[in-house]
Asks: 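So that we are looking at the same thing, I have put the structure below in structure tokens.
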Amino acid sequence: MARFEHTVCVAALDRDWFEEAAGHVVDLFEASREQGGALLLPDGRPVHGLRLLKGRHLQPGAEYGETPDPEKDGAGAPETAVLREWRPSRAVEVESLVAEEGMSMRVRIRLREPRTPRALELSLDGHNPKGGSLYRFSGRGKADLHAWWAALDRPAAAPPAARAPVVGKAVHRLAKARLTVTPRPAEDGSWQVRAVLGGGCCGRWARWRCSSPGVRLRGASARRWRARPRSETRRSRS
């Protein structure tokens, strides 16, 4: 299994500011209203670029999309998002279906305790409607935000958290991959974010290709050729 590791240094983000901003955005949407498809903020200002297409505003099943732009040629279906859950004190979940270049992808994003975000969950399923199983893939990811902040509250000299706050995995018929992301505070107040990506082959077809007699025979022949004395190699070439 292959393994890649990389660490980057990024500017720190204040937790209080982040949670206050998240709560403010949720409260704005909670207080918004719909009028003729347009979304209006509490002070009457419209939300540009977003409108209600189907259903009731902030109710499960409500479908939202971009505001039509008459200057565009209208090629391709516009991207839309469906609200699956709206309970600001517990969870908000949105689902989007994206179709591009023959691929169809369904994306779900779920935010737990949105006013003081606790966890962010992401799921992705994609396929080509005209293709077979080789054109199917899926991915899952979760960011435990409480564990993220806890990892950054540790002293800079302390070892990193044992459990990664961010974990993701992707699965295809031929391969799978797993990603972990762990932060730690740096001496200068910034964040050191360590990402580890591991992956390998999976599925009977991939294992058969790696262990097929032809592959083993070619590998054995190469080893025998490298082991032959130089004098014998010269005689065989002449």
Side-chain angles (χ1 to χ4, degrees), residues 13-130 135-149 165-171:
L13 178 66
D14 182 72
R15 178 178 183 175
D16 293 335
W17 179 90
F18 171 77
E19 293 183 345
E20 182 180 353
H24 184 61
V25 171
V26 172
D27 290 340
L28 278 179
F29 271 94
E30 178 74 7
S32 66
R33 67 184 189 277
E34 179 267 337
Q35 182 176 348
L39 302 183
L40 304 178
L41 295 175
D43 59 3
R45 291 179 299 166
V47 178
H48 296 288
L50 187 67
R51 63 185 294 107
L52 179 67
L53 303 179
K54 295 179 182 179
R56 297 178 59 188
H57 182 46
L58 297 183
Q59 296 296 317
E63 182 176 343
Y64 300 87
E66 297 179 350
T67 302
D69 188 348
E71 296 182 359
K72 295 184 178 180
D73 55 10
E79 296 182 8
T80 61
V82 178
L83 185 65
R84 295 302 182 190
E85 183 177 0
W86 179 264
R87 292 186 294 172
S89 60
R90 298 189 61 181
V92 172
E93 182 173 340
V94 179
E95 178 183 294
S96 179
L97 183 62
V98 181
E100 185 175 356
E101 296 182 357
M103 296 297 296
S104 177
M105 293 180 290
R106 186 181 300 275
V107 182
R108 280 195 178 223
I109 300 176
R110 182 180 178 86
L111 183 62
R112 296 185 180 274
E113 300 183 14
R115 285 196 169 94
T116 55
R118 177 180 179 182
L120 179 66
E121 301 170 1
L122 170 69
S123 67
L124 169 67
D125 295 280
H127 73 286
N128 186 335
K130 298 181 180 179
Y135 294 88
R136 293 182 179 273
F137 60 90
S138 63
R140 301 291 184 272
K142 181 178 180 179
D144 186 335
L145 298 179
H146 282 191
W148 179 277
W149 298 118
V166 180
V167 179
K169 63 179 181 179
V171 178

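We count residues from 1, following the sequence as given.
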Asks: May I ask you to test the Asp27-Arg115 pair for a side-chain heavy-atom distance under 4.5 Å?
Replies: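 Yes; the side chains approach each other to less than 4.5 Å.
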
Asks: Heavy-atom distance under 4.5 Å between the side chains of Asn128 and Met103, does that happen here?
Replies: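 Yes, close enough: below the 4.5 Å cut-off.
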
Asks: Output the distance between atom CZ (Phe29) and atom CG (Leu83), rounded to the nearest 0.5 Å.
Replies: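 CG of Leu83 is found 10.5 Å from CZ of Phe29.
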
Asks: For the CZ atom on Arg90, are there more than 12 heavy atoms of other groups (residues, nucleotides or ligands in this structure) within a distance under 6.0 Å?
Replies: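 No - once you tally the heavy atoms of other residues, nucleotides and ligands closer than 6.0 Å, there are 12 at most.
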
Asks: Compare every heavy atom of Ala62 with every heavy atom of Leu58, then report the nearest pair and how far apart it is.
Replies: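 Heavy atoms of Leu58 and Ala62 come nearest at N-CB, 4.4 Å.
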
Asks: Determine the minimum heavy-atom distance between Leu124 and Met105, stating which atoms define it.
Replies: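 Smallest heavy-atom distance, with atoms named: CD1-CB, 3.9 Å.
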
Asks: So Val47 and Leu41, do their side chains get closer than 4.5 Å, heavy atoms only?
Replies: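 With C-beta onward as the side chain, the pair touches.
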
Asks: Are the side chains of Pro42 and Leu28 in touch, meaning some heavy atoms are under 4.5 Å apart?
Replies: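 In short, these two side chains touch, coming nearer than 4.5 Å.
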
Asks: Identify which one of His57, Glu34, Lys54, Glu79 satisfies the side-chain hydrogen bond (donor to acceptor under 3.5 Å, both in side chains) criterion when paired with Tyr64.
Replies: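 The residue from His57, Glu34, Lys54, Glu79 that satisfies side-chain hydrogen bond (donor to acceptor under 3.5 Å, both in side chains) with Tyr64 turns out to be His57.
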
Asks: Flag the pair Pro117 / Phe18 as yes when at least one side-chain heavy-atom distance between them is below 4.5 Å, and no otherwise.
Replies: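 The answer is yes; the side chains approach within 4.5 Å.
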
Asks: Measuring from atom CD of Glu93 to atom CD of Glu95, what distance do you get when rounded to the nearest 0.5 angstrom?
Replies: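 Going from CD on Glu93 over to CD on Glu95, the span is 7.5 Å.
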
Asks: Between Lys142 and Val167, is any pair of side-chain heavy atoms under 4.5 Å apart?
Replies: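 Side-chain contact under 4.5 Å: no.
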
Asks: With rounding to the nearest 0.5 Å, note down the distance linking CG in Leu52 to CD in Glu63.
Replies: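 So the CG of Leu52 and the CD of Glu63 are separated by 9.0 Å.
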
Asks: Which pair of non-hydrogen atoms, one from Glu30 and one from Pro88, has the smallest distance, and what is that distance?
Replies: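 Closest approach of Glu30 to Pro88, heavy atoms only: OE1-CG, 3.4 Å.
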
Asks: To the nearest 0.5 Å, how far apart are OG in Ser104 and CZ in Arg136?
Replies: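 Going from the OG atom of Ser104 to the CZ atom of Arg136 covers 10.0 Å.
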
Asks: For Glu85, is there an ion pair with Arg110 - N to carboxylate O distance below 4.0 angstrom?
Replies: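 Yes, charged N to carboxylate O under 4.0 Å.
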
Asks: Can you confirm whether Arg15 is buried at CZ, in the sense that more than 12 heavy atoms of other residues, nucleotides or ligands lie under 6.0 Å from that atom?
Replies: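 Yes, CZ of Arg15 has more than 12 neighbouring heavy atoms, counting only those of other groups under 6.0 Å.
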
Asks: Between Asp125 and Arg108, does at least one N-O distance fall below 4.0 Å, as a salt bridge requires?
Replies: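 Answer for the salt bridge query: no.
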
Asks: Nearest 0.5 Å, what's the CD-CZ distance between Glu19 and Arg118?
Replies: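 So the gap between those two atoms works out to 12.5 Å.
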
Asks: Could you tell me the separation between the CG atom of Leu13 and the CH2 atom of Trp148, rounded to the nearest 0.5 Å?
Replies: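 Leu13 CG to Trp148 CH2: 10.0 Å, rounded to 0.5 Å.
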
